[in-house]
Amino acid sequence: MFDYDDSRYLSIYEEEELETRLEEVSGKIMAAADKKDARPGKAPKKESQPLIIAKTPAEEQRLKLERLMRNPDKPAPIPEKPKEWNPRAPPEFVRDVMGSSAGAGSGEFHVYRHLRRREYQRQDFLERISDKQKLDEEYIEKVKENQKAAEERTAKRRKKREKLKQKKLMAKKAKMESQKEEGSEEKSSSSASEAEEQEDDAEVPSFIMGKR
């Protein structure tokens, strides 16, 4: 006869019962979630966007623009200018003065190294500020020189234009005077011709006296 293992069959039945119970519980959870989502006054869930990995900078820029244009009313994040590093203000009274044997002890060496690093940073900062000030001064001087040269060029061109205007005015005046002289000469010649014609008319008799 066959020997049956009752514990094995019982465990299979228990697994089937557990699976059915799990399915029922999961169905109830899904139904409750659907009811919760269907409540009025609740914003709908955002649709999940597919993950796109940009391979080139142009594609990355295109993706950023598309993300911005999805919601045009949303203000674009503008990063603030990072603050410039400034060294710590010097103390009014220096208590830990370092001597010629600074950093000789094992305990004070780390303190000395930290102070030395801070001093180097301060010196680098001062050098950068001095270089920046020099560049600014050179730029201002260059701008002033360019402005002065531009003003000189404009003044030279202004003088040239004024000279041309004066020449044109003088030529116009001379032309007007010549036209006036020509007009007066024409008038005098016309008056002389008219006087000669009148004299000729006076010499010619109006009738001839004859003898009988």
Distance from [X] atom [atom1] to [Y] atom [atom2], nearest 0.5 Å?
X      : Y      : atom1 : atom2 : value
Leu135 : Ile140 : CG    : CD1   : 11.0 Å
Asn146 : Lys148 : CG    : NZ    : 12.0 Å
Asp136 : Ile129 : CG    : CD1   : 11.5 Å
Glu141 : Glu137 : CD    : CD    : 7.0 Å
Arg67  : Lys74  : CZ    : NZ    : 9.5 Å
Leu65  : Arg70  : CG    : CZ    : 11.5 Å

**OP:** Among Gln123, Arg117, Arg118, find the one that has a side chain to side chain contact (heavy atoms under 4.5 Å, CB included) with Tyr120.
**Re:** Gln123
Original post:
Should Glu66 and Arg62 count as an ion pair when the cut-off is N to O under 4.0 Å?
Top reply: yes
Subject >> Pair Arg122 + Glu119, salt bridge at N-O below 4.0 Å >> reply: yes
Scan the side chains in residues 51-60 for donor-acceptor partners under 3.5 Å anywhere in the protein, sequence neighbours excluded, and list what turns up.
unit_1	atom_1	unit_2	atom_2	d
Thr56	OG1	Glu59	N	3.3
Glu59	OE1	Lys55	N	3.4

Subject >> Least distance between heavy atoms, Phe125 atom then Trp85 atom >> reply: CE1-O, 3.0 Å
Subject >> Min side-chain heavy-atom separation Arg157-Arg161 under 4.5 Å >> reply: yes
Side-chain donor-acceptor pairs of residues 165-174 under 3.5 Å, sequence neighbours excluded:
none

